[in-house]
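Lettering follows sequence order; numbering is per chain, from 1.
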Amino acid sequence: METVKNHFFNDMGVMLGRSIRHIFRSMDTIITVTIMPIAIMLLFVYVLGGAIQTGTDSYLNYLLPGILLITIANGIGYVSYRMFMDKQRGIFERFHSMPIAHSAPLWGHVLTSLVSNAISVLVIILVALIMGFRSPAGVLSWLAVAGMLALFTLALTWIAIIPGLTAKTFDGASVIAYPIHLLPFISSAFVPTETMPSGVRAFAENQPVTLILESIRALLYGQPVGNDIWVALAWCFGIMLVAYIFAMRAYKKRV
Amino acid sequence: MLNSSIQVQGLQKSYKNLHVLKGVDFEVGKGSIFALLGSNGAGKTTIVKILTTLLRQDGGTAAVNGFDVAAKPDYVRQSISLTGQFAAVDEILTGRENLIMIAKLRHLKNPLQVTDDLLNRFGLTDAADRAVATYSGGMHRRLDIAMSLVGSPKIIFLDEPTTGLDPEGRIEVWKLIKELANNGATVFLTTQYLDEAEQLADRIAILHEGRIIANGTLADLKKLFPSTKVKYVEKQPSLEEIFLAIVGKKEEN
Ligand SMILES: Nc1ncnc2c1ncn2[C@@H]1O[C@H](COP(=O)(O)OP(=O)(O)OP(=O)(O)O)[C@@H](O)[C@H]1O
Ligand SMILES: [Mg+2]
């Protein structure tokens, strides 16, 4: 009898196909995810930005990395939602009673999250370009930025999978989105941390979102990235690893 | 047992302190239709989940197609399909895409051909390219069952396959189930409808308070019915009456 293992990539391919269809048939989720960051971007650049001192010549250039992270944080709620729906509707049980690679359905969700967030991020960058965003960064720097954003997405995705798997109700599944939404607001996303009161400032400067932001800024505007990028990477990998372990444990317990 | 597809012995299962299965025994013969009968909450779905490798039992053994469900779940999955109590279909995909997805996951060589055949057989050809979200309840169920037949599994589990169907839909599903057994598949189905078990099953088992309290052919079960002797009016007991009589007697003890 043939074994299950050697079909992993075939099964993943099928799951990816399913994901892509889901994404392209629910384009409204991309709009829902991007509309708020775009509104914030417009508000801050055209209304509030004039009064904010960032030490850069264009406030939009300063703001964009934060907007990108907010966009990803926004998209993350849908990971829990899709996960919960699959579990609820029984399609997971069907998959798990079939001779397929056991974790393929779970990885399918991870891929979906990566692809849909990549689309949202592209939409935001496009809008920013229209608004006048410019970056001197070369291909390598852009690749590094893409890598950081992908890592940030993965870390949040694995966190979001946990309530998607364990929640008993729909509201329970989506609750994780709220604290994640807040993090970019208490960071250097909108204003430099120097102006904040010392307690808030200590938090803001050391939380991963700020470190990721500063690394992305450095990459986009050709400044030396320094140590921040390694600490930022360590944060992302650390969060991802812990969330992955808990998510896998919840997944194995469910099935 | 060469002639049995499913063997269950002393099966136990609790959820926290709710003791649902208290030692369940039965066997299902190859190529037969076996109906597991029980009221709401009796533990039918729990048994189905254990047999389809979705849930671990606490005690006892269960073998499907000769493989122990706990020790060799991968092998069990090669020979079974599950139609759960609630339709397990992807609402965003079309009916055709759902079937192709399953055919590819079953690693079939000709997924498109298999899909066309099943769509045809289940009367879903016209709706094949519509999103499943637009299907009626009956169409959902038909697609759900069609998805379970992809790859012609040897042993088919159907958990309350006709719940929520109108009478016509039920008769249609009954016909299908009989066809499956005629083609050599073993069918394990659960139901709350006594007439369904009566119509379809070669053997019927009644699950009550964690145990199988009766198991046999319809004729066997009819013998258990006490009052056929008093006959002013010619009347065969229906399975419903037998069920109520057995359950009632158990509860008096
Ligand atoms: N995951 C669970 N956690 C706790 N209790 C559960 C769980 N699943 C089932 N139960 C309980 O176990 C009992 C048996 O459930 P099961 O679903 O097997 O019954 P059933 O015979 O399929 O009922 P129905 O006809 O309503 O589908 C019920 O009392 C149910 O509430
Ligand atoms: Mg049930």
Side-chain angles (χ1 to χ4, degrees), chain A residues 1-30 78 81-109 112 115-116 165 168 251-255, chain B residues 45 48-56 64-67 69 72-94 96-108 111 130-133 140 143-148 150-151 153 155-157 159:
Chain A
M1 213 175 258
E2 57 182 339
T3 54
V4 175
K5 299 285 178 293
N6 46 22
H7 290 300
F8 183 78
F9 289 103
N10 170 74
D11 298 349
M12 277 306 299
V14 178
M15 291 297 161
L16 182 63
R18 171 175 186 243
S19 298
I20 301 287
R21 290 199 167 87
H22 277 216
I23 293 167
F24 282 96
R25 285 190 199 154
S26 42
M27 268 306 167
D28 48 330
T29 59
I30 301 278
Y78 285 94
Y81 168 77
R82 284 188 289 251
M83 196 83 203
F84 184 73
M85 284 320 226
D86 266 14
K87 200 190 71 178
Q88 201 71 349
R89 292 224 175 98
I91 192 110
F92 256 43
E93 293 197 337
R94 181 185 290 285
F95 288 150
H96 290 135
S97 67
M98 289 173 60
I100 63 171
H102 205 57
S103 55
L106 186 59
W107 283 102
H109 280 266
T112 309
V115 175
S116 64
L165 279 171
K168 301 260 186 297
Y251 186 69
K252 297 233 163 84
K253 223 175 87 185
R254 302 271 120 195
V255 293
Chain B
T45 299
V48 169
K49 283 190 177 171
I50 292 171
L51 293 178
T52 54
T53 75
L54 296 175
L55 196 67
R56 276 277 182 129
V64 173
N65 198 29
F67 298 108
V69 290
K72 294 255 190 292
D74 283 346
Y75 290 98
V76 171
R77 288 180 199 130
Q78 307 264 4
S79 31
I80 63 165
S81 82
L82 165 66
T83 304
Q85 186 165 355
F86 306 101
V89 295
D90 187 316
E91 302 276 328
I92 294 171
L93 302 185
T94 66
R96 188 190 304 278
E97 286 166 343
N98 265 288
L99 286 163
I100 292 176
M101 173 174 74
I102 300 298
K104 286 186 174 164
L105 287 175
R106 287 211 179 265
H107 315 118
L108 302 185
R130 255 167 45 200
V132 172
H140 264 99
L143 177 64
D144 197 31
I145 297 177
M147 282 163 77
S148 294
V150 172
I155 305 169
I156 297 161
F157 291 88
D159 195 359

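With chain A as partner, the option from B:D90, B:T52, B:L82 having the largest number of non-hydrogen pairs under 4.5 angstrom is B:D90. When B:I100, B:I80, B:L93 are compared by the number of non-hydrogen pairs under 4.5 Å with chain A, B:L93 comes out ahead. Interface summary for chain B: among A:S26, A:G17, A:S97, the most heavy-atom pairs under 4.5 angstrom belong to A:S97. Note on B:S148, B:G151, B:P153: by heavy-atom pairs under 4.5 Å with chain A, the leading option is B:S148.
Under the 3.5 Å distance criterion, with hydrogens and angles disregarded, a donor-acceptor pair is assigned to the side chains of B:H107 and A:D11.
Considering all non-hydrogen atoms of both residues, B:L105 and A:F95 come closest at CD1-CE2, 3.5 Å. Between A:K87 and A:F92, the shortest heavy-atom contact is CA-CB, 4.4 Å.
For B:R56, the CZ atom sits in a loose shell: 12 or fewer heavy atoms of surrounding residues, nucleotides or ligands are nearer than 6.0 Å.
Of the two parts of A:R25, only the side chain, counted from C-beta on, holds a non-hydrogen atom closer than 4.5 Å to a non-hydrogen atom of chain B. For B:A87, the part lying under 4.5 angstrom from a heavy atom of chain A is the backbone only. Residue contact with chain A, scored on non-hydrogen atoms closer than 4.5 Å, involves the backbone and the side chain of B:I102 alike. At a 4.5 Å heavy-atom cutoff, the contact between A:M15 and chain B is made by side-chain atoms alone. In this structure, chain A has a heavy atom under 4.5 Å from the side chain of B:E97, while its backbone stays farther away. Contacts between B:S81 and chain A at a heavy-atom distance below 4.5 Å are absent for every atom of the residue.
When the options A:I91, A:I23, A:T112 are evaluated for a side-chain contact (heavy atoms from CB on, under 4.5 Å) with A:R18, the one that passes is A:I91.
Ion pairing between B:K49 and B:D159 fails under the 4.0 Å rule for side-chain N and carboxylate O.
Atom-to-atom distance recorded for B:T94:OG1 and B:L99:CG is 8.5 Å, nearest 0.5 angstrom.
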